[in-house]
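Taking it in order: structure first as structure tokens, then the write-up.
Being a predicted model, the structure only gives us computed values, none of them experimental. The sequence lines fix the lettering, A, B, ..., with proteins before strands; numbering per chain opens at 1.
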2 protein chains.
Amino acid sequence: MHPPTVEDVARAAGVSRQTVSNVLNAPERVRPETRQRVEAAIDQLGYRPNRVAQSLRASTSRMIGYRIEPMHPQSLSSIHDRFLHALAEAGRAADHHLLLFTANDPEDEVANVQALHRAGAIDGVILYGISTADPRPPGLRQLRIPFAAFGRTGADSAHSWVDIDNAAGTAAAVDHLVAGGHRRIAFVGYPEGAAAVGDRRAEGWRTGLDRHGLLAGSRHLDLRGEDSLATGAWLGEALLDHPTPPTAVVAATDTLAAGVLRVVQRRGARLAVVGFDDTPTAAALDLSSVRQPIEAVGHAMIRALLGGGTEPTAQLLPPELIVRASSAPQLNPDPLGATP
Amino acid sequence: MHPPTVEDVARAAGVSRQTVSNVLNAPERVRPETRQRVEAAIDQLGYRPNRVAQSLRASTSRMIGYRIEPMHPQSLSSIHDRFLHALAEAGRAADHHLLLFTANDPEDEVANVQALHRAGAIDGVILYGISTADPRPPGLRQLRIPFAAFGRTGADSAHSWVDIDNAAGTAAAVDHLVAGGHRRIAFVGYPEGAAAVGDRRAEGWRTGLDRHGLLAGSRHLDLRGEDSLATGAWLGEALLDHPTPPTAVVAATDTLAAGVLRVVQRRGARLAVVGFDDTPTAAALDLSSVRQPIEAVGHAMIRALLGGGTEPTAQLLPPELIVRASSAPQLNPDPLGATP
DNA sequence: TTGTACGCGTTATCAC
DNA sequence: GTGATAACGCGTACAA
């Protein structure tokens, strides 16, 4: 009825429970013949070491905490799903599992992590959605709870983190648009200082323009607002209504890009658009977008969290530009090839 | 350094460890005076009972397994994120946590669940994405592993499940469109038999039409294909090219609806569209959609899984139609009110 | 090589 | 009411 224990296996194999443990944890110590007998018994009984007992004994849960946030309804689906799967997959390779918990805000998250950690339920935690002055890294550091962050805070970097090179992403988008003949390339993004990723994406756009000598006189091409579809549309209108409108725009998110795209389609304007995150919506809208290598991020974070050393690890991963119809040289072609 | 144990609390409060345990698990047995002293010590030390030890003792992990799937890239982001959060939130109320794991396919999922269950890592599992002839319910039933399924299989229902009344959702969409003056209302969905939800959504459309006496001569208005944007566009073309085209269409998913919508916009056609799932993309496209009460589903499933009884529980929850511009009486109005 | 004893932290049972 | 004892399953130092 109940799952078999080492004792059961030992009885079945005619050895002591110790020998069974040795077969599993120090196979070289046991005679091959005996080992085979024990292994046969293990297979036959379907024995699995009890993780709870192992955890108690080793005082390590092999569990990693992760806060699951309610989805922001206004923003498009994020890369969150992909990230979670990548983490779970990477954890599996290290024989660790993810434990999901909820929290009302970052402070509450720290409190909940502490509770779980004190209770021995988790060994560490993965932080998602890092903001410029995020209270979680310093809080957890003070509590001496192992963690790794996806993203960098504004100043502090005395902890392990993995991040996408956001600036490189938008810069690549600019390169792509320039290669397509565009000279007036706008940017729509979060207000400066609102989010670290936002600032870095804006910076990449500027860098990209500068690289091609297009930075001069581009001030009116830099528009900001909250991350919503309506804002994207509003900013798109503003861009198109300018006396010297841009021919292309780089957006800090697919959400903003989708807003711009809607205006473009309604007005029948010619304006290339590139988004960021490569969300499913981007594919749906045939929107070019900068894709984050989330799977790699997941693996890197698990490594950073579990990988031995006490010294912090830092890792910056390059994103990849996915080109679709929204920024193709010939603007707004039939995306599906169904009609002329 | 290490988290405090009952022993530490007992020492601090000048009692035996037993009394501490009693304060926590049978407060009425201990003198109020002593209790207060112990509680003070608990607060002061920040003591949290070790869950691992509790699990070993009680042989129950208070963990619920959940398979996290890689996102289907062609399909729009599902309601998966919302569902996971709802589960975690509901689990919290019952002092349970979600443990994430991965698997290659349903058979592999059953195998992994069995391994986790034998290892004492999980008490039960929540099943997502149930298909018509899903092997998981019978498999887990045979293994006597507690589980609850989001969705029903084709025939078997000898287990606990919670589902959305999909038929009611599409029927409501039809009602809404009829109220808007539509008489020729088409349906685009999965091929018959491909998925249980697909069949039920088709059935609801048929029921809805029948209710208004519109079923006759609607055969050419029922189109099927795989769940992708391209298919949606293709089917949309087919509908519009018909000698007597529909004036409205109910789609089995937001993905298909988005495909139809794209064709509508490109051709400037007049065709109301209603999707299903109310994904973020639906909001982005101003697409009317049937919203599933996912939070309620999450709570119901946790209750079904943990709520005592051995007899299976069945629960059918009503969806809600979210009306947006794509199906508004006046077709394709300016969705943002920015231009005339 | 194999068996014996102990402890990880908790809780339930049973005397006091 | 309170305190000692045993047990959950495992790993490991120790002795045989």
Side-chain angles (χ1 to χ4, degrees), chain A residues 1-39 41-42 45-63 95 115-123, chain B residues 1-39 41-42 45-63 95 115-123:
Chain A
M1 199 61 238
H2 268 271
T5 73
V6 265
E7 187 95 38
D8 298 324
V9 175
R11 242 197 314 275
V15 297
S16 82
R17 64 188 112 173
Q18 231 35 29
T19 308
V20 177
S21 182
N22 282 337
V23 168
L24 293 170
N25 303 301
E28 73 283 357
R29 288 189 170 185
V30 61
R31 198 185 324 150
E33 172 194 314
T34 315
R35 184 166 59 198
Q36 292 225 340
R37 204 147 37 97
V38 171
E39 281 166 349
I42 288 177
L45 292 174
Y47 168 77
R48 306 280 307 186
N50 186 309
R51 285 184 81 99
V52 176
Q54 286 182 325
S55 292
L56 183 60
R57 171 83 179 111
S59 59
T60 168
S61 61
R62 283 182 297 175
M63 287 278 166
D95 194 25
L116 286 168
H117 188 253
R118 289 195 101 110
I122 58 174
D123 294 340
Chain B
M1 197 65 238
H2 268 271
T5 72
V6 267
E7 188 95 36
D8 298 323
V9 176
R11 243 198 312 276
V15 297
S16 81
R17 66 185 116 173
Q18 239 40 13
T19 308
V20 177
S21 180
N22 282 338
V23 168
L24 293 170
N25 303 301
E28 74 284 356
R29 287 190 171 185
V30 63
R31 200 185 324 150
E33 174 193 314
T34 316
R35 184 167 58 198
Q36 292 222 341
R37 204 147 37 96
V38 172
E39 280 167 350
I42 289 177
L45 293 175
Y47 167 77
R48 306 278 307 187
N50 186 309
R51 284 183 81 98
V52 176
Q54 286 182 325
S55 292
L56 182 61
R57 173 76 180 124
S59 59
T60 167
S61 60
R62 284 182 296 176
M63 288 280 168
D95 193 26
L116 286 168
H117 188 253
R118 291 195 99 112
I122 58 174
D123 295 340

Would you kindly give the [atom1]-to-[atom2] distance between [X] and [N], to the nearest whole Å?
{"X": "B/R118", "N": "D/dC8", "atom1": "CZ", "atom2": "C1'", "value": "18 Å"}
{"X": "A/R62", "N": "D/dG9", "atom1": "CZ", "atom2": "P", "value": "17 Å"}
{"X": "B/N22", "N": "D/dA4", "atom1": "CG", "atom2": "P", "value": "13 Å"}

What heavy-atom pair brings A/T19 and A/V30 nearest, and what distance separates the two atoms?
-> CG2-CG2, 3.9 Å
If you look only at distance, which donor and acceptor atoms sit under 3.5 Å apart when one is on a side chain in residues 51-62 of chain B and the other is two or more places apart or in another chain?
residue: B/R51; atom: NH1; partner: B/D95; partner atom: OD1; Å: 2.9
residue: B/R51; atom: NH2; partner: B/D95; partner atom: O; Å: 3.2
residue: B/Q54; atom: OE1; partner: B/R62; partner atom: NH2; Å: 2.5
residue: B/S55; atom: OG; partner: B/R51; partner atom: O; Å: 2.9
residue: B/S55; atom: OG; partner: B/T60; partner atom: O; Å: 3.2
residue: B/T60; atom: OG1; partner: B/D123; partner atom: OD2; Å: 2.8
residue: B/S61; atom: OG; partner: B/M63; partner atom: N; Å: 3.2
residue: B/S61; atom: OG; partner: B/A121; partner atom: O; Å: 3.3
residue: B/S61; atom: OG; partner: B/D123; partner atom: N; Å: 3.4
residue: B/S61; atom: OG; partner: B/D123; partner atom: OD1; Å: 2.9
residue: B/R62; atom: NH1; partner: B/D95; partner atom: OD2; Å: 2.5

With the side chain counted from C-beta on, respond yes when [X] and [Y] share a heavy-atom pair under 4.5 Å apart, and no when they do not.
{"X": "B/T34", "Y": "B/V15", "value": "yes"}
{"X": "A/R35", "Y": "A/P27", "value": "yes"}
{"X": "B/R118", "Y": "A/P4", "value": "yes"}

Report each atom pair, protein N/O against N/O of nucleotides 8-10 of chain C, whose distance is under 3.5 angstrom.
residue: C/dT10; atom: OP1; partner: B/Y47; partner atom: OH; Å: 2.5
residue: C/dT10; atom: OP1; partner: B/N50; partner atom: N; Å: 3.0
residue: C/dT10; atom: OP2; partner: B/V6; partner atom: N; Å: 2.7

Measure the OG1-CZ distance between B/T5 and B/R48 for me, rounded to the nearest 0.5 Å.
-> 15.0 Å
Separation between CG of B/D8 and CZ of B/R17, rounded to the nearest 0.5 Å = 11.0 Å
Is A/T34 near enough to C/dT2 that one of its side-chain N or O atoms lies under 4.0 angstrom from OP1 or OP2?
-> yes
Side-chain N,O (A/S16) to OP1/OP2 (C/dT4) below 4.0 Å = no
Below 3.5 Å between N/O atoms, which protein atoms pair up with nucleotides 13-16 of chain D? Just atom names and distances, please.
none

What nucleic acid atoms does A/V15 come within less than 4.0 Å of, heavy atoms only: base, sugar-phosphate, or nothing?
-> sugar-phosphate
